[in-house]
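Please read the structure below before turning to the comments.
Heavy atoms only: backbone and side chains are in, while hydrogens, waters and symmetry mates are out.
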Amino acid sequence: MPNFTDVTEFLLVGLTRRQELRVLLFAVFLVVYMVTLLGNIGMIILISISPQLQSPMYFFLSHLSFVDVLFSSNVTPKMLENLLSERKTISYVGCLVQCYFFIALVHVEVYILAVMAFDRYMAICNPLLYSSKMSTVVCVRLISVPYVYGFSVSLICTLWTYGLYFCGNVKINHFYCADPPLIKIACGGVHIKEYTMIVIAGINFTYSLSVVLISYMLIVVAVLRMHSADGRRKAFSTCGSHLTAVSMFYGTLIFMYLRRPTEESVEQGKMVAVFYTSVIPMLNPMIYSLRNKDVKEAVSKIIAKANLRK
């Protein structure tokens, strides 16, 4: 049985086998990708140059935007290339690299979302101590942990992927290299990879989601104790965008990774993957800007300064 290193390339089935839809899908996902890049890079620049956005919440948001850019860029360019190619292939090295960055960025993002929930807890439940407790040094340490942990865990997971054996079938029923469809076509080394994928995903999603849920339970208790209706409304408004992002990201990933890879689950997962690799990274900047008064004011000030210079 040849192992992963003896396979020169994989064939990606892609989103559709229908030739007439490929050009349309290429145009749609090219627009989505460009909007994703412009929205997230624009958010990073806006936060870096706007004085009113120099707070921990926006510091973490800028990193979420950065990870979304990497997340989408890891998958979309190859998907766009294969939509216009007759032979949709990816080299085994490219497949491993794509798996590595995908797993790493998923873990980084879920823990950044957990850190953002903890930040909202500190801001709402401990407002007097917020500035001292969430100093620049603390914020840098909090954001460093997801990166170090995510890329370390991904290295271990990718090495287990490297241990899969393939017996001639190299056709991946997906539009990028992902663990579930790779496990489905492998003929050896499957059990350890399958169980470790479910266990690691389960542990990390459960732990990070627990941080989010506990933080928001404490936030709800604190908000309900507020006497001011305006204070309650302001507190909930700062959490609404984050809760929307958390619900979308966790929901799709749990659907994808906390199930055994079967033909049906892989096919369903391919459709769900479109949502979290392309749609969510595009929507995040819109969610945080359209529902955030500070961001809208920062954009207005930049536009006003630009008009004055003309």
Is it the case that one hydrophobic cluster holds both F66 and I49, taking links as side-chain heavy atoms less than 4.5 Å apart, direct or via other members? yes

Closest approach of V115 and L142, non-hydrogen atoms and distance? CG2-O, 3.8 Å

Can D119 and Y130 be said to form a side-chain hydrogen bond (donor to acceptor under 3.5 Å, both in side chains), step by step? CA-CA 9 Å; D119 171 69; Y130 180 66; 2.6 Å; yes

Mind telling me whether H191 and Y195 have parallel, tilted or perpendicular rings, with 30° and 60° as the class edges? parallel

Nearest 0.5 angstrom please: N126 CG to L218 CG, how far? 9.5 Å

Between N284 and A245, what is the shortest heavy-atom contact and its length? OD1-CB, 3.6 Å

May I have the step-by-step check of side-chain hydrogen bond (donor to acceptor under 3.5 Å, both in side chains) for D179 and T161, ending in yes or no? CA-CA 7 Å; D179 281 344; T161 303; 3.2 Å; yes

Looking only at heavy atoms, what is the nearest atom pair of I103 and S154, with distance? CB-OG, 3.5 Å

Under 4.5 Å between side-chain heavy atoms, counting indirect links through other Ile/Leu/Val/Met/Phe/Trp/Tyr residues: same cluster for F205 and I280 or not? yes

Run Y33 and S73 through side-chain hydrogen bond (donor to acceptor under 3.5 Å, both in side chains) and show every step you take. CA-CA 8 Å; Y33 183 52; S73 297; 2.9 Å; yes

Validation row: F10, T89 side chains within 4.5 angstrom (heavy atoms): no

Could you tell me if the side chain of M43 sits less than 4.5 Å from the side chain of S62, heavy atoms only? no

Measuring from atom CG of N82 to atom CZ of F26, what distance do you get when rounded to the nearest 0.5 angstrom? 11.5 Å

Is there a path of hydrophobic side-chain contacts, each under 4.5 Å between heavy atoms of I/L/V/M/F/W/Y residues, joining V145 to V211? no

F60, Y250, Y288, Y216 screened by ring-ring contact (aromatic ring centres under 6.0 Å, His included) with H242, the one that passes: Y216

With salt bridge (Lys or Arg N to Asp or Glu O under 4.0 Å) as the criterion, how do E194 and K184 come out once you've worked through the C-alpha distance, each side chain's angles and the decisive distance to 0.1 Å? CA-CA 10 Å; E194 183 177 326; K184 184 61 186 171; over 6 Å; no

Looking at every heavy atom in both S85 and R22, which two are closest together, and how far apart are they? O-NH1, 3.8 Å

Show, in sequence, the C-alpha distance, side-chain angles and deciding distance for F29 and L80, and conclude whether the side chain to side chain contact (heavy atoms under 4.5 Å, CB included) test is met. CA-CA 7 Å; F29 284 105; L80 293 173; 3.8 Å; yes

Mind checking whether T76 and S278 have side chains closer than 4.5 Å, heavy atoms only? yes

Using modelled atom types only, decide if a donor and an acceptor are shared between the side chain of N204 and the backbone of H107 within a distance under 3.5 Å. no

Using 0.5 Å steps for rounding, measure from the OG1 atom of T206 to the CD1 atom of I203. 8.0 Å

Are the side chains of T196 and W160 in contact, using a 4.5 Å heavy-atom criterion? yes

Side chain to side chain contact (heavy atoms under 4.5 Å, CB included) between M134 and C139, intermediate numbers included: CA-CA 6 Å; M134 297 296 289; C139 290; 4.3 Å; yes

Would you check, one step at a time, whether the test disulfide (SG to SG under 2.5 Å) holds for C99 with C177? CA-CA 6 Å; C99 281; C177 280; 5.1 Å; no

Going through the checks in order, is the side chain to side chain contact (heavy atoms under 4.5 Å, CB included) test met by T158 and L96? CA-CA 7 Å; T158 306; L96 269 184; 3.6 Å; yes

M57 side chain reached by M116 side chain, heavy atoms, under 4.5 Å: no

Are more than 12 heavy atoms, taken from residues, nucleotides or ligands other than F275, located less than 6.0 Å from that residue's CZ atom? yes

Looking at every heavy atom in both I90 and Q98, which two are closest together, and how far apart are they? CD1-OE1, 3.8 Å

If hydrophobic clusters are built from ILVMFWY residues whose side chains come within less than 4.5 Å, do V13 and I185 share one? no

Looking only at the aromatic ring of each residue, does the gap between the centers of F102 and F71 stay below 6.0 angstrom? yes

How many angstroms lie between CE in M282 and CG in L37, if you round to the nearest 0.5 Å? 12.0 Å

Give, for atom OH of Y162 and atom CG of L155, the distance between the pair rounded to the nearest 0.5 Å. 13.0 Å

Checking ring-ring contact (aromatic ring centres under 6.0 Å, His included) between Y111 and each of F151, Y147, Y149, which is the one that passes? Y149

Is a side-chain N or O of Q54 found less than 3.5 angstrom from the main chain of I47, in a donor-acceptor match? yes

Shared hydrophobic cluster, Y176 / L84 (ILVMFWY, side-chain heavy atoms < 4.5 Å): yes

Can you tell me how far apart CD1 (I44) and CG (L64) are? Round to the nearest 0.5 Å. 9.5 Å

Taking the side chain as C-beta and beyond, is there a heavy-atom pair between E109 and F249 under 4.5 Å? yes

Is there a donor-acceptor pair closer than 3.5 Å between any side-chain N or O of S91 and the backbone N or O of G94? yes

Stepwise side chain to side chain contact (heavy atoms under 4.5 Å, CB included) test for L11 and K88: CA-CA 6 Å; L11 299 176; K88 305 172 183 62; over 6 Å; no

Short side-chain to backbone donor-acceptor contact, S132 and L129, under 3.5 Å: yes

Just wondering, do L164 and L182 contact through their side chains at under 4.5 Å, heavy atoms? yes

Counting only N and O atoms by type, is there a donor-acceptor contact under 3.5 Å from the side chain of N74 to the main-chain atoms of L70? no

Scanning both residues in full, the closest heavy-atom pair of P146 with V108 reads O-CG2, 3.3 Å

Mind checking whether M79 and T277 have side chains closer than 4.5 Å, heavy atoms only? no

